[in-house]
Amino acid sequence: MCAGEWPAKNHKIAELGLTVAYLHNDQFFTGWTVLVLKRHATELFDLTREERSQLIEEVTEVSRTLAVVFDAVKINYELLGNQLPHIHWHIIPRLADDPAPREAVWTVKHDPKRLSPHEFRERVSHIQNHLSIRRGTENSQHGHVPSKK
């Protein structure tokens, strides 16, 4: 992550304040996104109180957008760092047709689903468009984005 080798630069959805959102290569779970901290840190306690607060706001912003874009039944959040010791969140929409809705994505045996370059760009663009709208809405004088319910 720090060397810029993963995630791939062409998977970038958006730069937020402290993080960058990327579409995960494996789209078996449609919309799986990784939110990577821009600076190096491995633990939440390595961040200042303000950074932690902003980080959770960015996680929330991306997850809310993915929930709307993909009509998610539930969003899964993973912050592990065992294999890649750098703060990064896996934000995974779980959809109505989920093959294993009660299982963690890591335990669901599947062949990775790779989108064609065109499909990948379309999916990234679709998320970007909705994220832009949400960012504009959240910055409005009302400061509230209605939930999808």
Side-chain angles (χ1 to χ4, degrees), residues 1-47 51-135 137-138 144-149:
M1 286 183 174
C2 290
E5 295 171 10
W6 184 88
K9 300 220 183 305
N10 64 342
H11 291 200
K12 183 162 80 172
I13 297 167
E15 286 209 31
L16 303 161
L18 294 177
T19 61
V20 181
Y22 297 90
L23 193 63
H24 195 276
N25 317 354
D26 182 0
Q27 287 294 294
F28 180 81
F29 291 96
T30 303
W32 184 338
T33 297
V34 180
L35 193 63
V36 179
L37 189 68
K38 289 179 184 177
R39 79 169 181 87
H40 181 67
T42 59
E43 304 297 339
L44 289 174
F45 57 75
D46 292 334
L47 304 178
E51 287 174 319
R52 283 191 305 273
S53 178
Q54 184 173 344
L55 176 61
I56 202 67
E57 289 302 321
E58 292 176 19
V59 168
T60 301
E61 181 178 353
V62 171
S63 62
R64 184 180 293 131
T65 298
L66 295 173
V68 170
V69 168
F70 298 107
D71 195 27
V73 173
K74 176 74 178 94
I75 298 287
N76 286 172
Y77 306 86
E78 293 282 348
L79 174 65
L80 301 170
N82 297 354
Q83 293 180 358
L84 293 169
H86 183 99
I87 292 176
H88 64 287
W89 289 84
H90 290 263
I91 305 172
I92 308 148
R94 303 301 290 265
L95 311 184
D97 63 352
D98 193 309
R102 296 194 183 277
E103 304 298 322
V105 296
W106 322 107
T107 65
V108 178
K109 292 188 186 314
H110 67 276
D111 291 325
K113 181 176 180 183
R114 308 285 188 224
L115 302 178
S116 73
H118 176 73
E119 291 170 319
F120 204 90
R121 281 190 306 274
E122 278 188 341
R123 185 159 297 169
V124 166
S125 179
H126 191 55
I127 297 167
Q128 287 170 333
N129 291 338
H130 280 77
L131 188 58
S132 297
I133 291 167
R134 288 210 158 284
R135 290 178 69 81
T137 304
E138 288 204 2
H144 173 74
V145 175
S147 69
K148 68 179 199 116
K149 294 184 180 180

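Index from 1, following the sequence.
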Keeping [X] on the side-chain end and [Y] on the backbone end, is there a donor-acceptor pair under 3.5 Å?
X	Y	value
Glu15	Thr19	no
Glu58	Leu18	yes
Ser125	Arg121	no
His88	His86	yes

Listed partners of Thr107 passing side chain to side chain donor-acceptor pair (under 3.5 Å), at least two apart: none
Those residues that, when tested against Asn10, pass side chain to side chain donor-acceptor pair (under 3.5 Å) (two or more places apart): none
[atom1]/[X] to [atom2]/[Y] distance, rounded to the nearest 0.5 angstrom?
X	Y	atom1	atom2	value
Arg64	Leu131	CZ	CG	11.0 Å
Leu55	Thr60	CG	OG1	9.0 Å
Thr42	Ile87	OG1	CD1	6.5 Å
Leu115	Asp26	CG	CG	9.0 Å
Ile127	Leu66	CD1	CG	5.5 Å

Evaluation steps, side chain to side chain contact (heavy atoms under 4.5 Å, CB included), between Val124 and His11: CA-CA 7 Å; Val124 166; His11 291 200; 5.8 Å; no
Taking the side chain as everything from C-beta on, heavy atoms only, tell me whether [X] gets closer than 4.5 Å to [Y].
X	Y	answer
Phe120	Arg114	no
Leu44	Leu79	yes
Leu23	Thr33	yes
Phe70	His130	no
Phe29	His24	no
Glu119	Gln27	no

Over 12 foreign heavy atoms within 6.0 Å of NZ, Lys113: no
Glu122 side chain to His118 side chain, donor-acceptor N/O pair below 3.5 angstrom: yes
Between [X] and [Y], what is the shortest heavy-atom contact and its length?
X	Y	result
Ala96	Val73	N-CG2, 3.5 Å
Ile75	Ser63	CD1-O, 3.8 Å
Asp46	Ala41	CB-CB, 4.0 Å
Leu95	Ala72	CD2-CA, 3.9 Å
Arg52	Leu47	NH1-O, 2.6 Å

Pairwise salt bridge (Lys or Arg N to Asp or Glu O under 4.0 Å) hits with a residue in residues 96-112, at least two apart: Arg94-Asp98
Aromatic ring pairing Trp89/Tyr77, orientation class (parallel under 30°, perpendicular over 60°, tilted between): perpendicular
Mutual orientation of the aromatic rings belonging to His90 and Trp106 [parallel < 30°, tilted 30-60°, perpendicular > 60°]: perpendicular
